[in-house]
Amino acid sequence: MAGRERRPAADQPSLLEVSGPAPLVQPTAVDRDAAVAPRVVVRRSPRRKRTVTAYRDADAIVVLIPQRMTKADERVYVEDMVAKVLARESRTGAPRGDEALARRADELSQRFLEPQLGYTPKPRSVSWVRNQNHRWGSCTPGSGTIRLSHRMQPMPSWVVDYVLLHELAHLVEATHSRRFWQLVNVYPDADKAQGYLEGFQAGSSQS
């Protein structure tokens with residue numbers, strides 16, 4: 001929002017409630033380009049007196065504000081809270097660039113697959129693509145190619161890590177066999193990541 005002049009007063013609320021486990025790998029500056037602009041949803045609550053909260057919900061950032069907040073204050077607080085959510089995501093989010101994504105794949109393969117297999121599966125290429133709107137990722141074992149949907153770029157790194165590990169396991173097991181799931185389920189946040197993806201998909205279909 002251009003031309004902002006007002007800032008939240010010192011005694012005004014500025015509470016950011018964003019939680020999630022620490023990323024496996026810290027993103028680098030090069031990862032943060034090509035950010036996806038979020039939708040912003042503002043919800044007023046009569047029960048909310050002072051606190052302002054913001055959180056990510058699928059492709060939107062939801063900002064909860066008091067019912068009686070003025071429009072002028074709303075503009076200031078919404079911009080402030082959206083910036084905080086995006087800043088949090090830039091620290092804990094997925095790598096944006098293909099090179100960074102390939103490095104992440106190597107790290108995940110070494111950490112989770114090598115101890116089980118005795119060697120490190122290595123894809124020939126790993127990239128973000130914009131033509132996968134009905135699945136999160138894909139792997140072609142024959143060519144060693146892994147692709148992740150750009151829709152995951154705003155997601156936490158631990159969710160993207162799970163999908164990336166899932167596709168890496170397909171380099172070893174082409175089908176969703178028992179051995180495949182043994183390789184994938186060593187990821188500590190597997191169940192949580194699956195739940196996140198299901199919730200994201202449900203939220204997107206309702207918007």
Side-chain angles (χ1 to χ4, degrees), residues 18 20-21 23-25 27 30-41 55-62 82 85-86 88-90 92-109 112-113 121-207:
V18 181
L24 294 171
V25 181
V30 71
D31 303 338
R32 297 169 189 147
D33 57 354
V36 177
R39 291 188 302 113
V40 177
V41 177
Y55 62 91
R56 168 72 70 170
D57 184 6
D59 62 339
I61 293 177
V62 179
V82 168
V85 172
L86 293 177
R88 168 62 185 262
E89 291 178 347
S90 73
T92 63
R96 295 290 194 266
D98 291 347
E99 290 185 6
L101 194 62
R103 288 197 299 272
R104 181 73 63 89
D106 284 342
E107 291 158 351
L108 291 170
S109 189
F112 294 108
L113 298 181
K122 291 185 178 296
R124 291 183 180 174
S125 69
V126 184
S127 61
W128 292 108
V129 296
R130 302 186 67 84
N131 60 353
Q132 289 191 164
N133 294 319
H134 300 289
R135 55 184 175 179
W136 302 117
S138 65
C139 174
T140 305
S143 63
T145 302
I146 290 175
R147 307 173 190 84
L148 296 190
S149 171
H150 75 288
R151 294 181 300 148
M152 289 195 300
Q153 288 181 339
M155 295 183 183
S157 61
W158 51 273
V159 177
V160 177
D161 284 346
Y162 169 74
V163 176
L164 193 50
L165 181 63
H166 182 111
E167 303 307 335
L168 286 165
H170 276 310
L171 295 174
V172 182
E173 286 288 325
T175 65
H176 291 141
S177 63
R178 177 178 295 181
R179 185 182 183 220
F180 170 86
W181 288 115
Q182 287 174 343
L183 294 172
V184 173
N185 286 338
V186 297
Y187 186 66
D189 292 314
D191 290 342
K192 188 176 180 179
Q194 289 177 354
Y196 183 100
L197 292 169
E198 291 172 1
F200 189 100
Q201 188 66 42
S204 297
S205 63
Q206 293 174 1
S207 60

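Start at 1 with the first residue, then count along the sequence.
Taking W128 as the reference, nothing meets the ring pair (Phe, Tyr, Trp, His ring centres under 6.0 Å) condition, with sequence neighbours excluded. Every residue meeting the salt bridge (charged side-chain N to carboxylate O under 4.0 Å, His left out) condition with E173, not counting sequence neighbours, appears here in chain and number order: R179. Every side-chain contact (heavy atoms from CB on, under 4.5 Å) that Q132 has, sequence neighbours left out, goes to V129, R135, S138, R147, S149. Not counting sequence neighbours, the partners of N133 by the side-chain contact (heavy atoms from CB on, under 4.5 Å) test are H150, R151. For N185, the side-chain contact (heavy atoms from CB on, under 4.5 Å) partners are W181, A190, not counting sequence neighbours. A193 meets the side-chain contact (heavy atoms from CB on, under 4.5 Å) test with W158, Y162; sequence neighbours excluded. Contacts of T175 classified as side-chain hydrogen bond (donor to acceptor under 3.5 Å, both in side chains), with partners at least two apart in sequence or in another chain: none.
Nearest heavy-atom pair across V126 and A102 is CB-CA, 4.1 Å. Of all non-hydrogen atoms in I146 and C139, the two that sit nearest each other are CG1-SG, 4.0 Å. Of all heavy-atom pairs spanning Q182 and V186, the tightest one is O-CG1, 3.6 Å. Nearest heavy-atom pair across P95 and R104 is CD-NH2, 3.4 Å. In this structure, L164 and L148 approach most closely via the heavy-atom pair CD1-CD1, 4.0 Å.
In this structure, the separation between CZ on F200 and CE on M155 is 4.0 Å, given to the nearest 0.5 Å.
When W136, F180, Y187 are each tested for a ring-ring contact (aromatic ring centres under 6.0 Å, His included) with H166, only one passes: F180.
Contact check for L168 versus S109: side-chain heavy atoms found under the 4.5 Å cut-off. Side-chain atoms of L171 and L113, non-hydrogen and from C-beta on, never get closer than 4.5 Å to each other.
Summarising the local packing, CD of Q194 is surrounded by more than 12 heavy atoms from other residues, nucleotides or ligands at distances under 6.0 Å.
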- Apply side chain to side chain contact (heavy atoms under 4.5 Å, CB included) to the pair E107 and D161, showing each step before the final yes or no. CA-CA 10 Å; E107 291 158 351; D161 284 346; over 6 Å; no

